[in-house]
Amino acid sequence: MKNQRILVAGGTGYIGSHTVVELQEAGYNVVIVDNLSNSNMEVIDGIEKITGVRPDFVQADCTDMPAMEKLFDSYPDIRGVINFAASKAVGESMEKPILYYRNNLNTLMNLLEQMAKHGTKGIVFSSSCTVYGEPDENPVTEAAPIKKATSPYGNTKQISEEIITEVISAGAPFKSVILRYFNPVGAHPSAEIGELPNGVPQNLLPYVTQAAMGIRKELSVFGDDYPTPDGSCIRDYINVVDLAKAHVIAVERMLEDKSDDKVEIFNLGTGNGVSVLELIDTFEKATGVTVPKKIVARRAGDIEKVWANPKHANEVLGWKAATPLADTMRSAWAWQQKLRERGIM
Ligand code: UD1
């Protein structure tokens with residue numbers, strides 16, 4: 001049943017591209033739709049180099065309903081959808097809330113409407129641990145309460161989860177697997193694809209690799225006065241290839257009707273909390289490269305500590321984060337070096 005068609009919205013982005021590789025390696029046919037607003041066509045070359053297969057690609061904006069109608073009409077064999085197409089910078093969402101609500105929610109609604117019309121079996125949705133806010137206890141299970149979102153970005157994830165659940169309760173003829181990612185990091189071990197932030201990186205690991213490369217003068221560690229063992233914030237850093245593999249399992253689960261539940265939610269994390277200072281230390285030991293850094297004030301809106309209880313995904317999906325953090329750090333550094341070789345950064 002593997003050679004079925006999967007539509008990957010946002011498939012040239014960071015997590016999307018790694019997932020396309022895993023889907024193709026598992027034998028699925030992929031069509032990517034992406035507007036290239038935060039990625040480029042070279043990603044397709046990277047996917048082809050790794051897998052030997054060039055995925056079909058349609059350049060279109062998922063908020064454009066006629067374009068989505070045309071896409072589904074021209075690929076009547078689409079059986080499943082994975083939706084990565086979204087804006088994801090927390091800070092930018094505070095400045096441009098309408099852009100975030102429009103991009104993230106209209107994209108989802110357009111895909112759901114087309115799926116219902118075209119008999120698609122299911123959608124895997126990229127959600128985030130941001131829905132838990134500052135959790136009352138760690139590690140966090142899927143039963144933890146959803147906290148009021150502190151950014152429009154976070155709110156789009158909460159609302160998207162609600163839209164999917166409500167559309168399916170109202171009788172839409174498909175299933176959904178909602179995946180709540182913790183902090184995805186690293187790159188494909190081939191260094192053919194990886195994360196390519198636009199401008200100054202907002203996320204920790206791209207900043208670490210750019211500071212290590214000398215592109216940035218020094219990394220600012222946002223706060224060392226949190227009530228954590230070393231005073232810096234704690235997160236659950238999950239390898240992007242491990243994360244991508246969970247999507248393949250989720251797709252198969254929907255396409256093969258392995259669950260009676262129409263909507264399922266899974267945390268995707270390692271189960272280990274790692275502090276900012278520990279992450280930097282792991283990077284330095286794994287690569288032998290020093291990261292210039294200074295401690296600065298806390299970043300507004302940061303969560304103090306959050307890490308996953310991944311038991312539900314481990315047991316029900318049979319999926320487990322397998323890559324050691326040191327290997328993930330080496331993959332991120334190899335990717336940064338590849339960007340330098342290519343003259344990109
Ligand atoms: C947040 C959201 C996540 C969202 C992501 C998108 C939470 C818990 N997580 O991730 O859902 O998908 O933004 O961008 O709300 N740090 C530094 N220096 C830096 C950059 C980061 O010290 O230059 C620290 C931060 O303070 C934080 C950690 O590194 O403690 C991770 O930060 P980041 O990579 O931005 O991810 P989150 O804020 O966890």
Given the rule that I, L, V, M, F, W and Y join up when any side-chain heavy atoms are under 4.5 Å apart, are Val263 and Ile159 in one cluster?
yes

Show me the pairs that pass salt bridge (charged side-chain N to carboxylate O under 4.0 Å, His left out) and involve residues 108-117, at least two apart or across chains.
Glu69-Lys117

Apart from Ile234 itself, what residues make up its hydrophobic cluster when side-chain heavy atoms of I, L, V, M, F, W and Y under 4.5 Å apart count as a link, directly or indirectly?
Trp307

Could you note down all residue pairs passing side-chain hydrogen bond (donor to acceptor under 3.5 Å, both in side chains) where residues 133-146 supplies at least one of them, sequence neighbours left out?
Asp136-Lys147

Do other residues, nucleotides or ligands put more than 12 heavy atoms under 6.0 Å from the CZ atom of Arg102?
no

Under the ring-ring contact (aromatic ring centres under 6.0 Å, His included) test, residues paired with Tyr14 that sit two or more places apart
His18

Would a distance-only check, ignoring hydrogens and angles, find a side-chain to backbone donor-acceptor pair under 3.5 Å from Asn267 to Pro310?
no

Do Val251 and Ile32 belong together in a cluster built from hydrophobic side chains that touch within less than 4.5 Å?
yes

Sequence neighbours excluded and cut-off under 3.5 Å, please list the side-chain donor-acceptor pairs for residues 317-324, or say none.
from	atom 1	to	atom 2	distance (Å)
Trp319	NE1	Asp242	O	2.8
Thr323	OG1	Asp242	OD1	3.0
Thr323	OG1	Asp242	OD2	3.0

Listed once per pair and sorted, the side-chain hydrogen bond (donor to acceptor under 3.5 Å, both in side chains) pairs that draw on residues 173-196, sequence neighbours left out:
Ser126-Tyr181, Tyr132-Arg180, Glu161-Arg180, Lys175-Asp257, Tyr181-His247, His188-Ser190

Closest non-hydrogen atom pair, Met94 against Pro152:
SD-CD, 3.8 Å

Would you mind listing every salt bridge (charged side-chain N to carboxylate O under 4.0 Å, His left out) that reaches into residues 288-301, with sequence neighbours excluded?
Glu218-Lys294, Asp225-Arg298, Arg299-Asp302

For the atom pair OG1 (Thr120) and CG (Leu7), what is the distance rounded to the nearest 0.5 Å?
8.0 Å

If the condition is ring-ring contact (aromatic ring centres under 6.0 Å, His included), which residues does Phe222 pass it with, not counting sequence neighbours?
none

Please find the pair of heavy atoms, one from Arg54 and one from Gln24, that lie closest to each other, and give the distance.
C-OE1, 4.3 Å

Which residues pass the ring-ring contact (aromatic ring centres under 6.0 Å, His included) test with Tyr207, not counting sequence neighbours?
none

Does Leu99 sit in a hydrophobic cluster with other residues, and if so which ones, taking ILVMFWY side chains as linked at heavy-atom separations under 4.5 Å, directly or through other members?
Val90, Tyr100, Tyr153

I'd like to check the salt bridge (charged side-chain N to carboxylate O under 4.0 Å, His left out) partners of Lys262; sequence neighbours left out, ordered by chain and number.
none

Output side-chain donor-acceptor pairs under 3.5 Å for residues 337-345, partner residues at least two apart or in another chain, one line each.
from	atom 1	to	atom 2	distance (Å)
Arg340	NE	Met345	O	2.9

